[in-house]
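Values in this document were obtained by computation on a predicted structure and should not be read as measured data. If you read the sequence from its start, that first residue is 1, and numbering goes on from there.
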Amino acid sequence: MRYPFLDLKESNKPYMDEMSAAAARVIRSGRYIGGEENDTFEKYLANMVGTKYAVGVSNGLDALRLIMRAYVALGIMYPGDEVIVPGNTYIASILAISDAGLVPVPVDADISTMNIDPSLIEAAVTARTRAVMTVHLYGRVSWDERMAEIARRYNLKVIEDCAQSIGARASVIGLNGGVYAGSLGDAGAFSFYPTKNIGAVGDAGAVTTDDEQLATTVRALANYGSDRRYHNIYCGYNCRLDPIQAAMLMVKLPHTSDENADRFARALAYSRTIRHPQVITPLLSAQVTDNVWHQYVIRVTDGRRDEMMERLAQRGVGTDIHYAVPPHKQPCYESLRHVSLPVTELLASEVLSLPIGAGTSVKDAAEIGEIINSIK
């Protein structure tokens with residue numbers, strides 16, 4: 001394929017020597033759980049995001065699960081309490097809520113941003129609402145004055161799903177003065193799955209927060225619920241970050257701004273080139289840093305998405321769909337089938353992700369744009 005959707009070998013190519021040396025260092029150390037590699041990673045991430053604490057964990061879903069479970073363990077939330085969440089998201093966002101015995105309340109998307117529609121949040125608040133989970137989908141920050149005001153007025157926790165948004169910067173200051181994704185609300189959950197802008201060589205994740213008690217509880221829950229050896233204060237999990245992944249991430253994290261700038265350049269090339277009557281390109285914001293372009297997602301209207309995908313494949317262009325079936329339509333969430341989310345369902349039928357990773361050059365993006373334009 002001339003334009004592969006993603007090439008992880010190409011993504012890691014600039015870092016190969018450093019990553020190999022880091023892996024060898026961990027192997028030689030004899031410390032394969034926790035230790036200095038994790039400490040260094042956590043301090044760097046917290047400083048980069050702008051929070052007091054970061055806790056490395058096993059993956060992005062576990063980061064979300066641990067946050068929700070920690071709030072339950074601390075008596076801030078109770079089983080049956082409600083958490084408002086975007087309907088247009090990957091299922092992990094909602095799995096984390098229900099896993100803690102909490103009730104997900106999906107809210108429809110804004111058609112222009114594809115993130116949660118802030119104007120619909122307040123109507124979803126009930127006496128049982130305890131939190132809002134905002135998802136910075138595809139790398140676009142989902143945060144504004146209305147969300148902050150609603151959170152303060154109703155005393156709601158704000159949990160950020162930052163799985164796709166490392167390095168994204170909001171134009172509106174967060175609840176505690178932060179500006180980067182992961183510092184805007186009360187807690188942030190990051191994924192370092194290999195396909196992310198900054199990816200590990202396996203599963204990895206992290207929780208960021210300014211709340212010392214939450215950070216301590218998350219750390220304990222991730223380590224079998226123990227605060228010290230053989231002393232288990234919670235019924236916890238085994239969700240620790242492997243130090244070899246921490247070492248891999250420390251090679252790549254300092255390059256986050258450069259990686260994101262490269263993605264923006266490709267996104268700009270797409271947006272300047274694509275002029276197809278059935279294709280809607282994603283919104284370009286005035287503030288460049290509020291979208292780190294984890295995905296470049298077009299909408300193909302008039303029922304032509306699958307045809308467009310096939311025609312592009314015939315021309316050597318790899319694509320993907322994020323996401324073809326929204327969570328409230330999944331078999332495991334039969335309880336949410338009654339929810340009306342027309343925009344979310346429309347997006348699921350139209351979205352198509354174009355190549356934007358390291359294996360795609362700006363020239364490639366412009367060429368793919370012209371291929372799209374040529375499809376009649």
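- Judged by distance alone, the side chains of Ser58 and Asp203 never bring a donor and an acceptor atom under 3.5 Å apart.
- When all heavy atoms are compared, the tightest approach of Gly87 to Pro326 is O-CB, 4.3 Å.
- Panel note: side chain Glu82, backbone Val105; no donor-acceptor pair is recorded below 3.5 Å.
- Considering only residues two or more places apart in sequence or on other chains, Tyr237 meets the side-chain hydrogen bond (donor to acceptor under 3.5 Å, both in side chains) condition with Arg69, Asp99.
- Applying the side chain to side chain contact (heavy atoms under 4.5 Å, CB included) test to Asp262 and every residue at least two apart in sequence or in another chain returns Arg266.
- Nearest heavy atoms, Asn232 versus Tyr224: ND2-O, 2.8 Å.
- Residues in residues 40-53 take part in these side chain to side chain donor-acceptor pair (under 3.5 Å) pairs, two or more places apart or across chains: Glu42-Arg219.
- In this structure, Asp161 and Ser93 approach most closely via the heavy-atom pair OD2-OG, 2.7 Å.
- At a cut-off of 3.5 Å, with distance as the only test, no side-chain donor of Gln164 or Tyr90 sits close to an acceptor on the other residue.
- Using a 4.5 Å cut-off between side-chain heavy atoms of Ile, Leu, Val, Met, Phe, Trp and Tyr, with links allowed through other members, Ile371 and Ile356 fall into the same hydrophobic cluster.
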Subject >> Pair Arg130-Val83, side chain to side chain contact (heavy atoms under 4.5 Å, CB included): steps then yes or no >> reply: CA-CA 6 Å; Arg130 297 292 176 268; Val83 179; 5.6 Å; no
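- Side-chain contact, His136 with Glu160: a donor N or O sits under 3.5 Å from an acceptor N or O.
- Inspection of the Asn223 and Ser226 side chains reveals an N or O donor paired with an N or O acceptor under 3.5 Å.
- The closest donor-acceptor contact from the side chain of Ser271 to the backbone of Leu268 lies at 3.5 Å or more, if one exists at all.
- The CD atom of Gln295 sits 12.0 Å away from atom CD1 of Ile321, with the distance rounded to the nearest 0.5 Å.
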**OP:** Decide side chain to side chain contact (heavy atoms under 4.5 Å, CB included) for Val141 and Leu184; before the verdict, give the C-alpha distance in whole Å, the side-chain angles of both, and the deciding distance to 0.1 Å.
**Re:** CA-CA 10 Å; Val141 170; Leu184 302 172; 4.1 Å; yes
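- Partners of Gln287 according to the side chain to side chain contact (heavy atoms under 4.5 Å, CB included) rule, which considers only residues two or more places apart in sequence or in another chain, are Arg169, Ser171, Thr289, Asp290.
- Remark: Asp81 CG to Arg128 CZ distance equals 4.5 Å, nearest 0.5 Å.
- A search for side-chain hydrogen bond (donor to acceptor under 3.5 Å, both in side chains) contacts involving Asp117 returns Ser119, not counting sequence neighbours.
- Once rounded to the nearest 0.5 Å, the distance linking NZ of Lys252 with CG of Asp258 reads 13.5 Å.
- By the side-chain hydrogen bond (donor to acceptor under 3.5 Å, both in side chains) test, Tyr15 pairs with Glu259, sequence neighbours left out.
- Listed by chain and residue number, Arg25 satisfy the salt bridge (Lys or Arg N to Asp or Glu O under 4.0 Å) test with Glu37 (two or more places apart in sequence, or in another chain).
- The side-chain contact (heavy atoms from CB on, under 4.5 Å) with Ile116 is formed by just one residue from the set Val107, Val135, Val85; it is Val107.
- The closest side-chain donor-acceptor pair between Ser112 and Asp110 falls under 3.5 angstrom.
- Residues passing the side-chain hydrogen bond (donor to acceptor under 3.5 Å, both in side chains) test with Asp364 are Ser361, sequence neighbours excluded.
- Applying the ring-ring contact (aromatic ring centres under 6.0 Å, His included) test to every pair with at least one member in residues 349-376, sequence neighbours left out, gives no pairs at all.
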Original post:
Do Arg2 and Glu367 pass the salt bridge (Lys or Arg N to Asp or Glu O under 4.0 Å) test, and can you show the C-alpha distance, the side-chain angles, and the key distance before you say yes or no?
Top reply: CA-CA 11 Å; Arg2 185 180 175 190; Glu367 289 176 359; 3.4 Å; yes
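- Under a hydrophobic clustering in which Ile, Leu, Val, Met, Phe, Trp and Tyr are joined whenever their side-chain heavy atoms come within less than 4.5 Å, directly or via other members, Met248 and Met16 fall into different clusters.
- Around atom CZ of Arg272, no more than 12 heavy atoms belonging to other residues, nucleotides or ligands sit under 6.0 Å away.
- Residues Val72 and Ala100 share a closest heavy-atom pair of CG2-O, 3.9 Å.
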Original post:
Yes or no on salt bridge (Lys or Arg N to Asp or Glu O under 4.0 Å) for Lys9 and Asp7, after CA distance, side-chain angles and deciding distance?
Top reply: CA-CA 5 Å; Lys9 288 187 292 185; Asp7 185 345; 5.5 Å; no
**OP:** For Lys329 and Leu341, run side chain to side chain contact (heavy atoms under 4.5 Å, CB included): C-alpha distance rounded to whole Å, both residues' side-chain angles, the deciding distance at 0.1 Å, then the answer.
**Re:** CA-CA 10 Å; Lys329 293 294 186 182; Leu341 302 172; over 6 Å; no
**OP:** Any chance you could lay out the side chain to side chain contact (heavy atoms under 4.5 Å, CB included) test for Asn260 and Trp293, step after step, and finish with the verdict?
**Re:** CA-CA 7 Å; Asn260 290 344; Trp293 300 99; over 6 Å; no
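- Taken from CD in Glu18 to CG in Asn12, the straight-line distance is 12.0 Å, to the nearest 0.5 Å.
- Val207 is connected to Ile76 through a chain of hydrophobic side-chain contacts under 4.5 Å among Ile, Leu, Val, Met, Phe, Trp and Tyr, so both are in one cluster.
- For the side-chain contact (heavy atoms from CB on, under 4.5 Å) with Ile166, the lone residue among Val49, Leu253, Val292 that qualifies is Leu253.
- Clustering ILVMFWY residues whenever any of their side-chain heavy atoms sit less than 4.5 angstrom apart, transitively, puts Val57 in the very cluster that holds Ile233.
- Atom CG of Leu6 and atom OG of Ser353 lie 11.0 Å apart (nearest 0.5 Å).
- To the nearest 0.5 Å, atom OG of residue Ser20 and atom CG of residue Asp17 are 6.5 Å apart.
- The side chain to side chain contact (heavy atoms under 4.5 Å, CB included) check on Asn115 picks up Thr113, Leu137, Arg140, Ser142, with sequence neighbours excluded.
- In the model, Asp108 has a side-chain atom that pairs as donor or acceptor with a side-chain atom of Thr344 under 3.5 Å.
- Partners of Ile274 by side chain to side chain contact (heavy atoms under 4.5 Å, CB included), not counting sequence neighbours, listed by chain and number: Tyr270, Val279, Thr281, Tyr296, Ile298, Leu354, Ile372, Asn373.
- Here the side chains of Tyr154 and Val132 are not in contact, with every heavy-atom distance at 4.5 Å or above.
- Contacts classified as side chain to side chain donor-acceptor pair (under 3.5 Å) and involving residues 298-309 (residues at least two apart or in different chains) are given here: Gln278-Asp302, Gln278-Arg304, Arg299-Glu350, Arg304-Glu307, Glu307-Arg311.
- Between Val297 and Pro282, the shortest heavy-atom contact is O-CD, 3.4 Å.
- Residues Leu45 and Met250 are members of one and the same hydrophobic cluster, defined by side-chain heavy-atom contacts under 4.5 angstrom among Ile, Leu, Val, Met, Phe, Trp and Tyr.
- Closest non-hydrogen pair, Asp144 versus Arg146, comes out as OD2-NH2, 2.8 Å.
- Ring centroid separation for the pair Phe192 and Phe41 comes in under the 6.0 Å cut-off.
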